[in-house]
Amino acid sequence: MKKRLLATLLAAAMGLSLLTGCGGGSSSGGGSGEAGTVDTSKEVELVMYVISDRPAGQDIVDENLNKLLKEKLNCTLKINWIGWAEYAQKYPLLFSSGEAFDMAYCAGWLGFSNLARRGAFMELDTMLQQYAPDNYALQSETALAQATVDGHLYAVPTLLPTYTTYGAIYRGDIAAEAGITDTIDTFEEVEQYCDYIVANHPEMEAINEYSSGPETSLVWTRSNGLYDIDANLRFLFYDPSAEHPTVTPLYDLEGATDFYKRMKEWCDKGYWSKSALADTDSQKTQNGKAGLTFHNIDTWSGYTVQQPDWDFKYGTMTKDVAHLPFTQDCMVISNTSKNPERALALWNLITTDQEVYDAFYYGIEGTTYELNDQGQFTILDMDLYSTNAMWAARTMELNRNQAGVPEEYDTIREGWEQTIKDGVGTEKFTGFVLDTTNITTEVAACTNAKQQYGWPLELGYTDDVEASIEEYRQAMKAAGIDKVVEECQKQLDAYIESLGQ
Amino acid sequence: MKKEGFFDEFKKNKALFAMAAPAFILVLVMSYFPMSGLILAFKEYRYNLGVFGSPFNGLQNFGYLFSSGTGWLITRNTILYNLLNLITSQLFAVIIAIFITEIHAKYFKKVTQTVILLPYFISWVVVGVFVFSIFNYETGLINSVIQTFGGEKVNFYMMPMAWPVIICAFNAWKWTGYNSVIYIAAVTGVDGEINEAAAIDGATIFQRIRYITLPSIRPTLVTMILLQVGRILRGDFEMFYQIVGNNGQLFNATDVIDTYVFRSLITNPDIGMTAAATFYQSVLCFAIIIDRQHDREEDRRRLRAVLKKEGKKLWQRMTKI
Amino acid sequence: MAKNDKDMMESAPRKIKLSASSKAFYVICYGIVLLVAVVCLIPFLLLLSGSVTAEQWISFHGFSLIPGEFSLEAYGIIFKTPERILRAYGVSIFITAAGTLLGLLLTTMTAYVISRKDFKYRNWLSFFFYFTTLFNGGMVSTYIFYIQYLHLKDNMLALILPGMFNVFYLLIMRTFVNNVPFSLIESAKLDGAGEWRILFTIVIPLLKSGLATIGLFLALGYWNDWYNAMLYMSTETKYPLQYMLYSIQQQTQALSRIAAQAGIQVQNLPSNSLKLAMAVVATGPIVIVYPFVQKYFIAGITIGSVKG
C-alpha cells in the first residue's frame with residue numbers, strides 16, 4: 001500500500017519535471033515545427049473511433065476531408081462511430097479486443113485515467129512533440145500534466161478550455177414578466193423566479209429535473225466555492241481555497257441539512273415533478289415545458305440558438321470558476337496502432353489547420369454549414385450533419401461560434417478567463433487526477449448508494465429530512481465511504497505537497 | 001454383456017454423430033471457449049497484457065457486489081422476480097393457448113392470435129415511456145382518472161411495494177403472446193380425432209381440457225419451466241432499467257443483479273468487476289440447478305409413466321405445479 | 001387440402017349441443033381473449049398515433065389514441081435518406097432468412113439425435129447443450145474471444161452464428177420429435193433406410209408444427225436482434241433495422257446521462273415521435289407479414305397433427 005503510493009508520487013513528480021523540462025524546449029521549437037518529420041511516402045488509411053451517432057451526411061463529409069488529407073498527408077481517415085446508445089458497453093471493450101485501429105476519442109467521463117493506468121493507450125512522451133509539434137506548442141503545462149498518468153503522457157488534450165461553472169439557464173421573457181431584472185444567480189433569486197412560474201404558468205415545471213439525476217447539489221456546492229474531488233465521485237467535496245482542504249461527503253458539509261431541507265421545500269412547492277427520476281424527457285426547457293435548467297454555459301448557448309424568441313439567460317452560480325480538466329475531451333493513440341506517427345501528424349493538422357479543421361468539424365461549406373460575415377457558422381440541415389462528435393479537435397483559434405449565440409457567451413467566458421489565476425483557488429487543483437485503483441470496489445458501491453439515497457434527498461422526496469440523511473450516511477458507511485475519503489485525502493495532500501516543491 | 005466404447009458407438013451411429021456434429025461444434029466454439037475468459041473475474045484486467053497475461057487479484061472484483069449487504073438483497077430480488085415472472089407468464093400463456101384453441105370463429109381467432117404477439121415487438125424503451133405516462137404523479141393517466149373522480153392522487157414512485165406487481169404485469173403482457181405460440185402448437189398437435197371422439201362420447205368441454213389438452217401441454221410446460229429456471233439469476237436488464245429508471249426509492253424492491261452492476265459501473269467501467277458479476281450469476285445458477293437435477297429426471301420418468309395411464313392423476317399433479 | 005382439414009377441425013365441435021356450463025365457458029373464453037387482445041392492441045395503437053403526432057403536443061399532453069396534432073415529420077426524417085432504411089431492411093431480411101433456415105436444420109438434426117433412445121450419448125449431449133444456459137462466458141470474454149480468435153468484427157457471421165442454435169429451441173423441438181412414434185423409425189430401418197433418409201423423408205414431414213413454431217421463434221429472434229450488431233458491427237451498411245431502432249431510442253437517455261459531466265452541447269436529440277415512428281418502421285413488416293405466415297403456420301400444425 002505504502003509502496004504503491006510512493007510509486008505514484010514518484011511517478012507524478014517525474015511526470016511533472018519531465019513536462020516542465022520539455023515545455024521550455026517546445027516553445028522555442030514550436031514555431032519552426034513542421035509535419036515534415038513524418039514519412040508520408042506510403043499511403044495509409046487511419047482508423048479513428050469517436051463517440052456519437054453517425055450523421056446521415058457523413059459520407060460526403062468524409063469524401064471531402066479525405067481529398068484534403070490525401071493531398072496534405074498522403075493518408076485517408078476512416079471514422080468508426082460508437083453510438084450514444086452503446087458507448088457504455090462498447091467503449092471499454094474497444095481496447096480489449098486487440099483490434100487494430102489508430103486513434104480514439106477519450107474523455108474523463110469515458111474513464112481516461114483508469115484506462116490509461118491499465119495500459120489501454122500508447123504512451124506519447126516524445127512522440128507528441130515530434131510528430132504533432134504545432135499542437136504541442138499550443139498545449140498548456142496544466143493540460144499536459146492532466147494527460148500524464150503514472151509518469152507517461154497518454155493523450156492529446158483539447159485546446160479549447162471548458163469551465164467548472166454551473167449556473168441557471170432560464171427564460172428571459174418570463175423573468176421580465178415576473179419583474180426580475182437582476183441576473184438570476186442565487187438560490188433566493190431562483191426561488192423568486194420559480195415561485196412566479198408555479199403561480200402563473202401551471203403548464204410548466206419550474207425546474208427541469210429528469211431521470212439522469214438532480215443537479216441541485218452541484219449548484220449548491222459550486223455556489224459555495226466547493227469542488228468535487230472527481231467528476232465520477234460527486235459525493236465528495238473539498239474547499240480549494242482552504243490551506244489544508246479536507247475531503248468531506250456531501251451530507252457532512254456545513255449547511256448540508258439546511259440545503260436538503262430547502263430542496264424539500266422546493267419539492268413541496270412543486271418546483272419539479274414528483275416523478276422526476278422516472279421522467280426521461282431531458283428537453284423540457286427547450287420545449288417550453290420547464291422554466292429553468294441548471295447546467296453549463298454551452299448548453300445555454302445551444303438553447304439560445306434553438307429558441308431565440310425566449311431570450312434564454314445564463315446566471316453563473318459558481319463562486320470560483322476554474323478550467324475543467326483538458327482531458328475532458330482528448331485524443332488517444334491505441335496500443336494497436338500501426339501508424340502512430342501518421343495518426344499524430346493527422347491530429348496535428350486537424351487541430352492547427354483551419355481548412356482541415358473546418359472540413360473535419362463543420363463539413364462542407366454550402367452543403368452542411370455556411371458562414372456569415374463574422375465567421376459564425378450555421379448548420380444548414382441538422383438531420384444531415386451537425387457538429388456533434390468531434391469535440392476533442394476544438395481549439396481556441398480555429399473554433400467558430402454558432403450564429404445566433406448572444407454576445408454574452410464570449411463576454412462571460414472572457415470574464416472567467418480574467419479571474420482564473422494559475423495555481424490559485426480551484427484552478428490550483430485542475431491538475432489533480434484521482435487514482436481510484438485501490439478503492440474501485442468502494443467507489444462502485446458508494447456511487448450506487450448515492451443514487452439510491454442521495455438523489456431522492458436532493459429532490460426532497462422524503463418526509464423526514466434528518467432521518468433520511470442519517471439513512472444515507474449509514475448506507476454510505478456500509479459502502480465504504482470512510483476508506484474512499486481516506487484515500488482521496490491522501491492523494492489530495494500528496495498533490496498539494498508536490499505543488500509546493 | 002460387453003461394454004461398448006466410444007468407437008463402437010461411433011461406428012454404429014456414424015450418421016447420428018454427423019447430424020449432431022455441426023451444433024456440437026458451434027456450441028463448443030461459440031459458448032464453451034469464451035468461458036475461459038471467466039478467469040477475468042479473478043484478475044485485475046490490463047489492456048496491454050490481455051486476458052491471460054493480466055495479474056490475479058484474488059476475490060477483490062467480487063467485493064462491490066457484497067459490500068453494504070446489497071449482494072443478498074439483489075440476489076433475492078432477482079430470484080423472486082424470476083419466479084414470479086415465470087409463474088405468471090407461463091400460466092397466462094397456457095390459459096390463453098387453451099382459450100384460443102377452443103375458439104372457433106375463424107377471423108376472431110386469427111386476429112387475436114396476431115394481436116397478442118404485438119407486445120413482443122414493442123421495445124422496453126417505448127414501454128418505459130408508456131409506464132411513465134400512466135403512473136407519473138402530475139399528469140399520469142391513473143392520477144388523472146383519480147382526480148376526475150375527486151380522489152386523492154397516488155405517488156406511485158414513492159410506493160416501492162406497488163412495483164413488483166407493475167413489473168410483473170408488464171412482463172406478462174410482453175411475453176404471454178410469444179409463449180402461447182408454443183402451447184398453441186402443442187395443443188393443436190393433439191390428434192383431432194381424439195378430441196372429436198371425446199366430444200361425441202359426451203365429454204364436456206372441461207373434461208376435454210382436463211384429460212386431453214392439459215396432458216398434451218405438460219411436456220412442453222416442463223421444458224419451458226426448466227429452461228427458465230436456468231436463467232433464474234439473470235434479470236431482464238432492459239425491462240427493469242426502462243421501467244424503474246433511476247428511482248432510488250424503489251431500489252430495495254426493484255433492484256436486480258444486472259441493474260445493480262450497470263449502475264455501479266456506468267461511471268467507472270471495470271472489466272474484472274463485470275466478469276465477477278457474470279461468474280457469480282453462473283455459479284449460483286449452476287448450484288441451484290444441480291440441486292434440482294435429480295428431481296428433473298425423476299419428474300420426466302414419472303411423467304412418462306403417468307402419460308400412459310389415464311389423465312386423472314395427471315390433473316392432480318398439474319395443479320401442484 | 002389444408003382448407004378441408006381445417007374446416008373439419010373447426011366445424012366438428014359445433015355439432016355437439018352445448019351445456020349451460022359450456023356456454024358459460026365460451027362466454028368467459030371469448031371475453032378474456034378479447035380483453036387480452038385489447039390490452040395488447042392499445043399500446044400499439046398509441047405507438048402508431050404517437051408516431052404521427054407533433055412533438056410539442058406529446059411533450060405537453062402525453063399520448064393519445066387519436067393524434068392531437070397530426071404531423072408526419074418523424075417519418076420525413078426517417079425516410080429522408082431512404083437508402084439507409086432500405087439497406088437495413090435488406091440486412092435484416094438476409095440474416096433472418098439465412099439464420100432461420102440454417103438454425104432449423106441444425107436444431108432438427110440435433111433434436112432427432114438426442115431423441116433417439118438407442119443413441120448412447122444422448123443424455124450427455126443434452127447436458128452439453130443445457131449447460132450453456134447455466135454457465136456462460138459473459139459479455140466481456142465472449143466479445144474478446146469472438147473478435148480476437150474468430151475475427152467476427154464487422155463480419156455478417158457475427159449476426160448469424162450466435163442466434164443460430166439455442167437450447168430452448170432444441171428442447172422444444174425434441175418434444176415434437178418425441179411425438180413421432182419410434183416404431184416408424186424402426187420399421188424404416190428394417191427396410192434398409194439410412195438415418196439421413198429417415199430424418200428427411202419420414203421424420204421431418206411429421207414435424208411441420210414443430211418446424212413452424214421453431215422457425216417462427218428463430219425468425220423473430222433474428223429480426224429483433226440488435227445486441228450482436230451493437231457489439232460487432234462497425235460499418236453502417238451492415239446494420240440491421242432493429243439496431244438502428246435501438247440506437248435512436250436509446251441515445252437520448254445515454255446523452256442526458258453524460259451531459260452533466262461533459263462540457264458537451266447536445267443539439268438534435270431524437271424526439272419521442274421519432275422513436276415511435278422508427279418502432280413502427282421496424283415492426284410494421286412483421287405485423288403485416290405475420291398473418292400470412294400464420295396461415296401456413298396453422299395449416300402446418302393441422303397437417304402435422306392429423307398425420308401424427
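Naming: A, B, ... by sequence-line order, numbering from 1 per chain.
Using a 4.5 Å cut-off between heavy atoms, Tyr453(A) contacts chain B through its side chain alone, with no backbone atom that close. At a 4.5 Å heavy-atom cutoff, the contact between Tyr45(B) and chain A is made by backbone and side-chain atoms alike. When heavy atoms are compared at a cutoff of 4.5 Å, Ser273(A) approaches chain B by way of both its backbone and its side chain. Heavy atoms closer than 4.5 Å to chain B are found in the side chain of Asn114(A), but not in its backbone. Contacts of Leu115(A) with chain B are made by both backbone and side-chain atoms, with heavy-atom separations under 4.5 Å. Contacts of Asn136(B) with chain A are made by both backbone and side-chain atoms, with heavy-atom separations under 4.5 Å.
Enclosure of atom CZ in Phe42(B) by more than 12 non-hydrogen atoms of other residues, nucleotides or ligands within 6.0 angstrom is indicated. Counting non-hydrogen atoms of other residues, nucleotides and ligands closer than 6.0 Å to NZ of Lys153(B) gives a total above 12. Glu203(A) CD: more than 12 foreign heavy atoms inside a 6.0 Å radius.
Considering only heavy atoms from C-beta on, Asn448(A) comes within 4.5 Å of Ser264(B) through its side chain. Between Gln249(B) and Tyr461(A) there is a side-chain heavy-atom pair separated by less than 4.5 Å.
Here the shortest heavy-atom pairing between Leu277(A) and Gly248(B) reads CD1-N, 4.3 Å. Considering every non-hydrogen atom in both Ala444(A) and Met273(B), the closest pair reads CB-CE, 3.7 Å. Scanning all heavy atoms of the two residues, the minimum distance from Tyr47(B) to Gly119(A) falls at CB-O, 3.5 Å. Of all non-hydrogen atoms in Pro92(A) and Ile271(B), the two that sit nearest each other are O-CD1, 3.7 Å.
The CG atom of Asp463(A) sits 5.5 Å away from the CE atom of Met158(B) when rounded to the nearest 0.5 Å. If you take CZ on Arg117(A) and CZ on Arg46(B), they are separated by 10.0 Å, rounding to the nearest 0.5 Å.
For the set Arg118(A), Met476(A), Glu442(A), Gln451(A), the count of heavy-atom pairs under 4.5 angstrom toward chain B peaks at Arg118(A).
A side chain to side chain contact (heavy atoms under 4.5 Å, CB included) with Asp270(B) holds for exactly one of Thr436(A), Thr441(A), Thr440(A); it is Thr440(A).
Between the side chains of Asn252(B) and Gln452(A), at least one donor N or O sits under 3.5 Å from an acceptor N or O.
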Practice task
Start with the C-alpha distance between Ser275(A) and Phe132(B), add both sets of side-chain angles, then the distance that settles side chain to side chain contact (heavy atoms under 4.5 Å, CB included), and finish with yes or no.
Solution key: CA-CA 8 Å; Ser275(A) 330; Phe132(B) 181 72; 3.8 Å; yes

